[in-house]
Amino acid sequence: TKLMEPFITTAFKGLQHDDIRAVQRHYGDRYELIGADNDLSDRATNLGTPAYLTPVTLSGISIDDNDDIDWFSISTTSPTIIDITVTPAGNSYQDWDQNMFTGACATSGPTVNSQAIHNLSIDIIDADGSTVLATANTNPAGSAEILTDVSLGAAGTKYIRVRGDSTDYIQLYDLQFTLEAVGHDLTNETQPFPVAASASTITYTIRIENNSPINTTGVSIPSTVPA
């Protein structure tokens, strides 16, 4: 039977969209544990060490009011880039009053667009829990926010933070991300040595270009000057 109905009905099977919204509005999603919600970096939901090039999807989670913030932590084993999308979930439905004794519904009332309650944003944050590496907050409520090819830098713990706006109501959303290990990609372009007379000065150019999204340090460039 459908939950929260005044009489038994076989027209529904399992929780419906409005039931899920109502439950998470009052109790939070499955990651909001009693005494251990994920509203701060030090209480972030630990997603472990995701496999590279394998999409990770968290569905049916929520920002349940104007104070809720969702933090997630991941661990990387090498320099990494991330593609990540937060997508508001919902639809439009009639939110009409229902008689608690007869089950009769009103014939008019408001229509709720549950996909556009909050204007969601997403942040990628470094291991210190405060340095923001990238932010997506450009699209209006009801639209996905996307970050692509964000460098996470060196291996270690990184954070994903999802926030809503000042609306004191619930927004369901889905979160999906993919990690990719990144190696150093350097291009070495050296001009040919010019022909010069004995004991004269010769000049040539070495150009090194970093084609990867991560910083590269300690680069050495061996070069032999012809005799």
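Keep in mind that what you see is a predicted model, and the values were worked out from it rather than measured.
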- request: Indicate the atoms forming the closest heavy-atom contact of Asn139 with Ser143, along with that distance.
  value: CB-CB, 3.8 Å
task: Could you pull out the closest heavy-atom pair between Asn137 and Leu120, with the gap in Å?
output: OD1-O, 3.8 Å
query: Just how far is it from atom CD1 of Ile63 to atom OH of Tyr169, taken to the nearest 0.5 Å?
result: 16.0 Å
field: Residue pair Gln24 / Ile170: nearest heavy atoms and the distance that separates them
entry: CB-CD1, 3.4 Å
query: Tyr159 versus Asp126: any side-chain heavy-atom pair under 4.5 Å?
result: no
Donor-acceptor list for residues 81-93 side chains, cut-off 3.5 Å, not counting sequence neighbours:
residue : atom : partner : partner atom : Å
Asp83   : OD1  : Asp149  : N            : 2.7
Tyr93   : OH   : Arg21   : NH1          : 2.7

message: With heavy-atom distances below 4.5 Å as the criterion, would you say the side chains of Phe72 and Asn38 are in contact?
response: yes
- prompt: How close do Thr77 and Tyr52 get, heavy atom to heavy atom, and via which atoms?
  reply: N-OH, 3.3 Å
Nearest atoms (heavy-atom pairs only) where Ser62 meets Asp29: N-OD2, 3.0 Å
message: My understanding is that only one of Ile61, Ile117, Val162 makes a side-chain contact (heavy atoms from CB on, under 4.5 Å) with Gln171; could you say which?
response: Ile117
task: Answer yes when Arg43 and Asp37 have at least one side-chain N-carboxylate O distance shorter than 4.0 Å, and no when they do not.
output: yes
field: Residues Arg25, Asp68: salt bridge by 4.0 Å N-O rule
entry: no
